[in-house]
Amino acid sequence: MSNSLIIAGKSYESRLLLGTGKYPDFKAMRSAHDISGTQIVTVAIRRVDLADRSTDSLLAHIDRDKIDLLPNTAGCYTAKDAVLTCELAREALGTNLVKLEVIGDEKTLYPDNEELLVAARELVSQDFKVLPYTGDDVVLCKKLEDMGCAAVMPLAAPIGSGLGIRNPYNLRIILEQISIPVIVDAGVGTASDAAVAMELGCDGLLMNTAVACAKDPVKMANAMRKAVDAGRLAFEAGRIERKLYATASSPLEGVVRQ
């Protein structure tokens with residue numbers, strides 16, 4: 001990778017962020033993290049016992065020397081609950097870096113934009129480094145950027161759906177108008193989806209279900225790593241223009257004529 005991902009002033013060589021839920025066991029989770037090269041993993045604070053530091057705990061199976069924790073507020077439906085969850089995470093884990101989720105609908109798991117803005121504003125005022133999960137709405141993303149969020153994390157499709165990049169055009173608009181990192185969160189199903197997102201110019205990808213629920217999570221983690229790298233390289237290289245008709249691969253000048 002020719003460039004690093006920079007979040008809140010810290011540089012990361014990997015542009016792939018992974019989750020910690022839904023794996024068949026902790027061994028598979030750790031192996032997937034290792035082979036993916038990820039340097040950031042999310043932890044759902046409301047679903048993990050942070051006081052449990054035994055060898056059988058989730059936190060015991062994360063290599064904290066190589067991987068930063070990104071506490072998230074999954075399961076929160078109000079700004080108040082999300083802010084409280086982040087405060088608990090900072091106290092327990094000693095990090096200001098948080099993934100902010102404020103869900104507005106149980107069926108689609110789409111975010112509640114109003115509550116999201118309220119929570120983000122409060123957390124930024126408390127010096128949290130906020131990465132909000134949001135819809136692919138450029139207006140909302142600009143508001144989050146303006147209030148001081150460290151990145152924006154628009155969905156590609158509903159959480160856990162595996163539908164892939166449903167609206168690349170919205171993502172392109174966001175990428176054109178947002179100067180902080182744009183990390184696609186939710187909806188990626190397989191390696192080709194990851195490559196498409198990175199070819200668009202996204203700064204990174206966060207995924208959980210696509211890897212953890214694959215038939216072989218470790219192989220999928222490896223595939224995602226390669227797809228993210230390939231997609232980023234293709235974006236940097238610059239693809240050729242799409243054309244309706246053929247263009248000869250070899251020049252016509254200097255052709256030997258009989």
Side-chain angles (χ1 to χ4, degrees), residues 1-7 11-23 28-29 31-42 67 70 99 131 133-138 141 151-243 247 249:
M1 304 287 283
S2 59
N3 297 310
S4 299
L5 171 62
I6 299 175
I7 300 176
S11 178
Y12 298 93
E13 294 306 308
S14 173
R15 292 175 180 271
L16 176 59
L17 292 69
L18 290 181
T20 53
K22 299 185 177 181
Y23 285 90
M29 180 192 76
S31 296
H33 289 172
D34 287 344
I35 201 167
S36 74
T38 188
Q39 294 172 292
I40 302 176
V41 299
T42 61
I67 296 174
L70 178 61
K99 179 192 171 189
L131 284 68
Y133 158 71
T134 177
D136 54 355
D137 179 339
V138 67
C141 287
V152 290
M153 306 184 76
L155 56 80
I159 292 174
S161 67
L163 289 173
I165 314 301
R166 293 296 84 202
N167 198 333
Y169 305 104
N170 275 15
L171 289 177
R172 285 180 59 185
I173 292 170
I174 292 170
L175 288 162
E176 288 176 2
Q177 299 196 35
I178 299 297
S179 58
I180 57 177
V182 176
I183 301 172
V184 164
D185 178 17
V188 169
T190 190
S192 57
D193 300 331
V196 168
M198 298 306 294
E199 287 171 5
L200 288 170
C202 293
D203 297 284
L205 283 175
L206 190 154
M207 63 184 74
N208 184 69
T209 304
V211 173
C213 295
K215 292 181 180 179
D216 188 327
V218 179
K219 282 187 177 180
M220 185 59 79
N222 191 19
M224 291 298 189
R225 176 180 188 166
K226 293 175 180 178
V228 168
D229 287 353
R232 181 66 186 183
L233 286 172
F235 168 72
E236 293 174 352
R239 64 158 292 132
I240 63 170
E241 179 185 355
R242 290 180 172 88
K243 301 173 184 177
T247 302
S249 298

Just list the side-chain donor-acceptor pairs under 3.5 Å for residues 184-200, sequence neighbours left out, or say none.
| from | atom 1 | to | atom 2 | distance (Å) |
| --- | --- | --- | --- | --- |
| D185 | OD2 | K99 | NZ | 2.8 |
| D193 | OD2 | G189 | N | 2.8 |
| D193 | OD2 | T190 | N | 3.1 |

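- For residues 31-42, no pair satisfies side-chain hydrogen bond (donor to acceptor under 3.5 Å, both in side chains), with sequence neighbours left out.
- The two atoms that bring G37 and S14 nearest to each other are O-CB, 3.2 Å, heavy atoms only.
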Would I178 and V152 satisfy side chain to side chain contact (heavy atoms under 4.5 Å, CB included), going step by step from the backbone distance to the final call? CA-CA 9 Å; I178 299 297; V152 290; 4.2 Å; yes

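- Here the straight-line distance linking atom CG of D203 with atom CD1 of I183 works out to 7.0 Å at 0.5 Å rounding.
- Rounded to the nearest 0.5 Å, atoms SG (C141) and CD1 (I180) are 8.0 Å apart.
- Taking 4.5 Å as the limit, every side-chain heavy atom of Y23 sits out of range of all side-chain heavy atoms of V218.
- Taking NZ of K22 as the start and CG of N208 as the end, the distance is 6.5 Å to the nearest 0.5 Å.
- Residue D136 comes nearest to L155 through the heavy atom pair CB-O, 4.0 Å, listed as atom of the first residue, atom of the second, then distance.
- How far CG of L171 is from SG of C202: 5.0 Å, rounded to the nearest 0.5 Å.
- Put simply, the side chain of L70 does not reach to within 4.5 Å of the side chain of V41, judged on heavy atoms.
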Expected list for residues 159-166: side-chain donor-acceptor pairs under 3.5 angstrom, two or more places apart:
| from | atom 1 | to | atom 2 | distance (Å) |
| --- | --- | --- | --- | --- |
| S161 | OG | P158 | O | 2.8 |
| S161 | OG | L163 | N | 3.4 |
| R166 | NE | L163 | O | 3.0 |
| R166 | NH2 | L163 | O | 3.1 |

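- For the atom pair D229 CG and L16 CG, the distance stands at 8.5 Å (nearest 0.5 Å).
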Please walk me through it: do I40 and Y12 pass side chain to side chain contact (heavy atoms under 4.5 Å, CB included)? CA-CA 9 Å; I40 302 176; Y12 298 93; 3.6 Å; yes

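- Looking at heavy atoms from C-beta onward, L18 lies out of side-chain contact with L206 at the 4.5 angstrom threshold.
- Between the side chain of R15 and the main chain of S4, a donor-acceptor pair closer than 3.5 Å is present.
- Under the 4.5 Å side-chain criterion, counting only non-hydrogen atoms from C-beta, L17 is not in contact with L205.
- Atoms CD1 and OH, on I174 and Y169 in that order, are 15.0 Å from each other to the nearest 0.5 Å.
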